[in-house]
2 protein chains.
Amino acid sequence: MKGRDVVLGTLLKRPMSGYDIKLVFEDVFSYFFDGSFGMIYPTLRQLEKEELISKEVVIQEGKPNKNVYSITEKGREEFNKYLEEDVQKEVLCSDFLMRMYFSDYVEKKKLIEWIEAEIMEKKKSVKQLQEKQLVWAKGITMSQKICLDVGISSYVAQIQTLEEKLLQLKQE
Amino acid sequence: MKGRDVVLGTLLKRPMSGYDIKLVFEDVFSYFFDGSFGMIYPTLRQLEKEELISKEVVIQEGKPNKNVYSITEKGREEFNKYLEEDVQKEVLCSDFLMRMYFSDYVEKKKLIEWIEAEIMEKKKSVKQLQEKQLVWAKGITMSQKICLDVGISSYVAQIQTLEEKLLQLKQE
DNA sequence: GCTGACATGTAAGCAGTTACATGATTAT
DNA sequence: ATAATCATGTAACTGCTTACATGTCAGC
């Protein structure tokens with residue numbers, strides 16, 4: 001899965017500008033994918049050059065003009081190629097877990113701070129995903145709900161484990 | 001957290017070669033960090049140049065020579081600087097969840113295949129982490145146990161959610 | 001008057017990955 | 001014989017991030 005695949009897939013739903021795509025990335029994918037403007041705009045250029053998407057300039061009142069991109073038939077084929085590929089292994093990069101591994105070298109106070117901060121972060125994430133569950137309640141597909149539910153259950157489990165550990169640490 | 005921080009931290013435990021470091025990466029960090037030889041060797045060179053580590057060539061019998069690196073006092077200071085930094089946000093990149101999001105565009109059969117494969121992968125991961133729990137049982141620190149337990153609980157929760165979803169899908 | 005949302009883009013750089021190259025020894 | 005383990009390295013590439021640059025309009 002590359003940035004271009006996700007951009008292409010996002011345009012399947014409806015024509016969008018780069019700005020719109022960024023909003024979708026933040027709203028929908030943020031917990032398992034990152035995409036910055038610095039990736040989106042050059043990718044849109046490239047995809048247009050390859051005729052996988054087509055551009056239409058939309059003049060707006062009270063707002064700047066928009067470059068609205070639509071996926072072409074060739075683009076749909078390209079996206080299907082992505083769907084045919086093997087599913088890539090999940091990649092997790094966690095500075096928090098790395099610190100846990102190295103926490104022999106820090107004071108207990110700091111270790112506890114790190115864990116408390118992580119619990120707060122994870123709780124915030126759960127809350128955000130639960131809000132999405134409500135907001136999207138209608139018009140969400142079964143498999144999109146899977147994304148949310150997997151995320152929530154994973155975070156909830158992590159929070160529980162961390163809270164147990166914290167208690168143990170404080171009792172020592 | 002960059003590759004160099006992890007390499008430096010790994011050398012705190014004992015002097016090691018690039019090859020040894022790779023083994024530790026695979027054994028210990030594999031589920032929340034990736035590090036290839038192509039990263040490790042150039043990093044060791046650079047760290048040596050900066051005098052954060054020192055090299056000793058160890059001649060072995062029946063095996064190729066080793067470049068064994070030890071962390072220096074300057075290196076320890078550099079690693080402590082890393083520990084002082086803010087903990088970076090966790091980054092997850094999941095092709096599986098992306099496919100879930102886009103699975104409106106695929107047949108149910110394929111969706112089920114993807115989910116079944118993901119459940120198998122996650123079960124394999126849980127098994128591996130549980131084996132480590134046993135193998136390391138002694139000599140593991142509290143916080144290193146946190147790494148394992150967070151990983152296991154997170155995977156177990158994901159497997160449960162996915163199995164529920166699979167059942168629902170098959171009943172539809 | 002200033003912050004924030006809306007909107008697009010580029011250029012330099014980075015932190016790696018991938019693929020290649022080499023070669024001894026050990027186990028099957 | 002041949003695959004796996006041990007061992008080190010480079011060079012080209014990639015896919016993105018960061019920082020910069022520019023500008024309008026709405027709301028407080």
Side-chain angles (χ1 to χ4, degrees), chain A residues 1-8 11 15-27 29-30 32-50 53 55-69 82 85-86 88-93 95 98, chain B residues 1-8 10-11 15-27 29-30 32-50 53 55-69 82 85 88-93 95 98:
Chain A
M1 171 191 55
K2 286 167 205 154
R4 71 192 328 259
D5 299 318
V6 185
V7 168
L8 223 41
L11 291 176
M16 279 186 236
S17 67
Y19 195 84
D20 294 334
I21 290 172
K22 183 65 164 51
L23 292 182
V24 172
F25 280 11
E26 270 161 18
D27 187 36
F29 304 137
S30 57
F32 58 88
F33 179 76
D34 278 306
S36 62
F37 282 125
M39 170 279 233
I40 293 168
Y41 287 118
T43 299
L44 286 170
R45 285 220 142 189
Q46 183 57 29
L47 290 174
E48 198 200 355
K49 207 174 126 195
E50 293 177 38
I53 60 177
K55 183 166 81 175
E56 196 196 344
V57 180
V58 174
I59 287 123
Q60 301 185 113
E61 279 165 44
K63 285 182 191 177
N65 292 350
K66 264 189 178 190
N67 298 333
V68 175
Y69 295 91
Y82 155 65
E85 284 169 23
D86 286 344
Q88 270 171 52
K89 217 184 149 280
E90 169 183 292
V91 177
L92 174 64
C93 188
D95 194 16
M98 195 57 85
Chain B
M1 174 193 52
K2 286 167 203 154
R4 70 194 326 263
D5 299 317
V6 186
V7 169
L8 223 41
T10 304
L11 291 177
M16 277 186 240
S17 67
Y19 195 83
D20 295 334
I21 290 171
K22 182 66 163 48
L23 291 183
V24 173
F25 280 12
E26 270 162 17
D27 188 37
F29 304 138
S30 57
F32 58 88
F33 180 76
D34 279 307
S36 60
F37 282 125
M39 171 278 231
I40 293 168
Y41 288 116
T43 299
L44 286 170
R45 286 218 141 191
Q46 182 56 30
L47 291 173
E48 197 200 354
K49 205 173 127 196
E50 292 179 38
I53 61 178
K55 182 167 83 178
E56 197 197 342
V57 179
V58 174
I59 288 123
Q60 301 185 112
E61 279 166 43
K63 286 182 189 176
N65 292 349
K66 264 188 177 189
N67 298 332
V68 175
Y69 295 91
Y82 156 65
E85 284 170 21
Q88 269 171 53
K89 217 183 149 283
E90 169 183 289
V91 176
L92 175 64
C93 188
D95 193 16
M98 195 57 85

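In what follows, chains carry the letters A, B, and so on, assigned in the order in which the sequence lines appear, proteins first and then strands, with residues in each chain numbered from 1.
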Whole-Å distance between D/dC6 P and B/Met16 CE? 15 Å
Measure NZ/B/Lys55 against C1'/D/dT8 and give the value in whole Å, please. 10 Å
End axis versus end axis in the helix from C/dG1-D/dC28 to C/dT28-D/dA1, the angle rounded to 10°, five pairs used at each terminus: 40°
About how many Å separate CG of B/Asp34 and CD of B/Glu26, when rounded to the nearest 0.5 Å? 9.5 Å
For the pair A/Tyr69 and A/Ile21, evaluate side chain to side chain contact (heavy atoms under 4.5 Å, CB included) and give the outcome as yes or no after the intermediate values. CA-CA 10 Å; A/Tyr69 295 91; A/Ile21 290 172; 5.8 Å; no
Mind checking whether A/Phe37 and A/Tyr19 have parallel, tilted or perpendicular rings, split at 30° and 60°? parallel
Starting at CD of B/Gln46 and ending at C1' of D/dT8, how long is that distance when rounded to a whole Å? 18 Å
For the pair A/Met1 and B/Cys93, evaluate side chain to side chain contact (heavy atoms under 4.5 Å, CB included) and give the outcome as yes or no after the intermediate values. CA-CA 9 Å; A/Met1 171 191 55; B/Cys93 188; 3.4 Å; yes
Starting at the 5' end of DNA chain C and moving along, which residue's nearest nucleotide shows up first, A/Asp20 or A/Arg45? A/Asp20
Hey, can you pull the donor-acceptor pairs under 3.5 Å for the side chains in residues 38-50 of chain A, sequence neighbours left out?
residue	atom	partner	partner atom	Å
A/Thr43	OG1	A/Met39	O	2.6
A/Gln46	NE2	A/Glu50	OE2	2.7
A/Glu50	OE1	A/Arg4	NH2	2.9
A/Glu50	OE2	A/Arg4	NH2	2.7

Below 4.0 Å from chain B heavy atoms, what is the first contacting nucleotide of DNA chain C and what is the last? C/dA15 to C/dT25
Say whether B/Tyr82 and A/Asp95, considering side chains only, have a donor N or O and an acceptor N or O under 3.5 Å apart. yes
Nearest-0.5 Å distance that lies between atom CG in A/Asp20 and atom CG in A/Leu11: 9.5 Å
At a cut-off of 3.5 Å, list every protein nitrogen or oxygen paired with a nitrogen or oxygen from nucleotides 14-18 of chain D, distance to 0.1 Å.
residue	atom	partner	partner atom	Å
D/dC16	OP1	A/Gly3	N	3.2
D/dT17	OP2	A/Ser36	OG	2.7

Could you report the tightest heavy-atom contact between B/Val24 and B/Met16, atom names first, then the distance? CG2-SD, 3.8 Å
So, does B/Gln60 get its side chain near the phosphate of D/dA7, meaning an N or O under 4.0 Å from OP1 or OP2? yes
Say you draw a straight line from CE of A/Met98 to OG1 of B/Thr10; how long is it, rounded to the nearest 0.5 Å? 7.0 Å
Reckon B/Ser17 has a side-chain N or O less than 4.0 Å from the OP1 or OP2 of D/dT8? yes
Mind checking side-chain contact (heavy atoms from CB on, under 4.5 Å) for A/Val68 and listing every partner two or more places apart, or none if nothing turns up? A/Pro15, A/Val58, A/Lys66
Residues at least two apart in sequence or cross-chain that pass side-chain contact (heavy atoms from CB on, under 4.5 Å) with A/Glu56, listed by chain then number, are none
